[in-house]
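Every chain is numbered from 1, with letters handed out A, B, ... down the list of sequences.
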Protein chains: 2
Amino acid sequence: MATKERTTIRDVAALAGVSVGTVSMVLNGSNKLNPETRQRVMDAVIKLDYRRNPHARSLSTKKSMTIGLIITDLTNPFFGIMVGCVQQEIDAKGYELLLGMTKNDIEREKKVIAKFIDSAVDGIIIVPAHYRNPNLSHIYALEQRNIPYVYLTTYYPGTRGCCAMTDLAQGSYELTNYLLNTGHKNIVMISGYVELVLSAERLRGFKRAHEEHGLEVRADQIVEAEPDYNGGREAFDQIIRRGKPDAIMTVNDIVSMGVLTRAREMGLRVPEDLSVAGYDDLLYSSMLETSLTTVRQPIKEMSAAAVDMIFKVAEGETIENKLMMFTPQLFIRSSTKKRL
Amino acid sequence: MATKERTTIRDVAALAGVSVGTVSMVLNGSNKLNPETRQRVMDAVIKLDYRRNPHARSLSTKKSMTIGLIITDLTNPFFGIMVGCVQQEIDAKGYELLLGMTKNDIEREKKVIAKFIDSAVDGIIIVPAHYRNPNLSHIYALEQRNIPYVYLTTYYPGTRGCCAMTDLAQGSYELTNYLLNTGHKNIVMISGYVELVLSAERLRGFKRAHEEHGLEVRADQIVEAEPDYNGGREAFDQIIRRGKPDAIMTVNDIVSMGVLTRAREMGLRVPEDLSVAGYDDLLYSSMLETSLTTVRQPIKEMSAAAVDMIFKVAEGETIENKLMMFTPQLFIRSSTKKRL
DNA sequence: TAATTTTATTGAATCGGTTCAATAAAATTG
DNA sequence: CAATTTTATTGAACCGATTCAATAAAATTA
């Protein structure tokens, strides 16, 4: 089977009776062209069902009409939805999405960024890995090479990237406040690594609420964990070994699910024996065996903002405020209850 | 800031004191090379931190070291996990993953495939859109152009692609059997569009189980719906309007969640008033307010098989059996119960 | 109408790789 | 040792676009 060769710009030029340069200008929307010529070219394009070769284009222009998105973990539907939102926005701009997954491993993050650079992406949206003491040479490399990038959900301090994120401190503050107001005396927070912005912010809200109630946060009220299902289970075991608190707040709903199942396995009832609260408000959170009190992050808005930002940065616009904060929303459900 | 130019193969050639052809051969692992020369080249590569330009490579070779994956809907974590699995397998082969999302729209599917063709992907893994009477010109285009592709989860009949999937009929059969054996007299199935393989297979198992119990399946026992949360809610309303059955089986767990919430909103209790069963066994399914009886699909194995297949097809190997069936597994939880 | 300016189009050079026929050098053979 | 074969390396052509200096044609001006 003689596989038909791809039609190229030269085929179009030949059919339209013009030079390849002219065809290229038509395709790039140049305005200094005889409308009649333009039409002839367009006719030829349609007749031949011609489409430009993106690799040839990228090679020549050093652009790729592509935005890279780096996420951590697609088993958490929070990020699945996020990918969908980002995809849609990027699509609308006529760009392509290139996806990279880090599984919260900084080495993978480095590799993904290297690939993205090789592929000449026009910008990168980064959901930073949950990783202790990350070496940030890859981020600095982006800055040195002037490759546009922005953060989504959280950021690496000491770098220049803008960030679209939820006001995590505010969310934690409201949730903690609610728990304290409903009579909880001993709240433990399952946190990400405390030195990360993501956790530090949440802790800030947690502490502020305690302070306003005249309380001080003890070291054993903070437990670090991986932000996934097993992280939740393990952290719960660790907490219970020290003695049961009356409430547990977690870094996201998936961690809460780990806590809920482990609690059930151990014969503890939620919310009767202890309250549990999450973060993110996944669709499923309201349907859990004990529907989850949680803080919703506006995924769609955040994602759209990040896409917006990356295009602005790519066009050299200066962003007025580096941090774009979105307001979280508290949902009180049945995994928490008033205590005397 | 004079942005440093990319180092090219010519820079490497110059530093190593050889021709560009030689460098290219070293990089492509040619075996007819003086080891000493090879070493000199490798040293230069490392010293310059040289990496090949994938666009230039693709332009020249008409390959891209890339596999395209087309999925329908990332808000369902089933597919999020699937993307993760496929990514990992493709990674292991040294290839890149290009992701496309269709949102179950056949037009999007066509566009994604066109993009993939333009990008010269070396193969495509397709999760077919849930779409009625799809026009399959894009699939035929793949076949005519000899572009390797395989299906994952289900397939379009009348096309040549292999498919890695769960034995959906078997899963439905076991589940239906269980429901009939536990005294359910009137089971309604919320199905995808019945003319699609995905649904037809499930129906086959559903009917077979009924037959073996000496029962015939009535038309009103089948309700078509979109395979998402709202699809489940709407289908439930429709079912209830006709009269409450004693069990509802759905096309996936997300649809079941729609059913569960809608049932709760209407004051119906599961499993007391009716049983509900899903398909997929999402992590969260076991934690729902009423933990879900469901059929697990082995995502990881299926995904790995699809990746395996696509590379075999790309290498021109003939696949012995077009359908690679994986065995589903029934999980009985608390959303179903024995009836008298 | 000739000189000048403006507009439309051309086509060669370029991007950064790969490939392969040609060649040079080394090894083998008679 | 000359003739032949084998092995290692070269470098020009090519992939399919873009870009821009050069040119031709048309429009304007004097």
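- Among the atoms of the strands shown, none is found under 4.0 Å from any heavy atom of A:Arg38.
- Rounded to a whole Å, the CG atom of B:Asn53 is 13 Å from the C1' atom of D:dA17.
- If you check the side chains of B:Asn28 and B:Arg52, you find a donor sitting under 3.5 Å from an acceptor.
- Between B:Val127 and B:Phe79, the closest side-chain pair of non-hydrogen atoms falls below 4.5 Å.
- When rounded to the nearest whole Å, the span between CZ of A:Arg10 and C1' of D:dC15 equals 9 Å.
- We find that A:Asp122 and A:Lys93 are not joined by a salt bridge, their nearest charged nitrogen and carboxylate oxygen being 4.0 Å or further apart.
- The pair B:Asp118-A:Arg6 counts as a salt bridge, with a side-chain nitrogen and a carboxylate oxygen less than 4.0 angstrom apart.
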Side chain to side chain contact (heavy atoms under 4.5 Å, CB included) evaluation trace for A:Ile67 with A:Leu98: CA-CA 6 Å; A:Ile67 299 292; A:Leu98 221 53; over 6 Å; no

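- A perpendicular orientation is assigned to the rings of A:Phe311 and A:Tyr95, their planes being inclined by more than 60° (bins at 30° and 60°).
- Side-chain N/O atoms of B:Tyr149 and B:Glu143 include a donor and acceptor closer than 3.5 Å.
- Within residues 14-37 of chain B, the residues approached by DNA chain C to less than 4.0 Å at the level of any non-hydrogen atom are B:Gly21, B:Ser24, B:Asn28, in residue-number order.
- A pairwise comparison of heavy atoms in B:Thr75 and A:Ile81 identifies CG2-CG1, 3.9 Å as the closest pair.
- Listed pair A:Arg57 / D:dT18 meets the phosphate criterion, a side-chain N or O lying under 4.0 Å from OP1 or OP2.
- Heavy-atom contacts of chain B under 4.0 Å fall on DNA chain C between two terminal nucleotides, which in 5' to 3' order are C:dG16 to C:dT19.
- If you measure from atom NE2 of A:His55 to atom C1' of D:dT18, you get 17 Å, rounded to the nearest angstrom.
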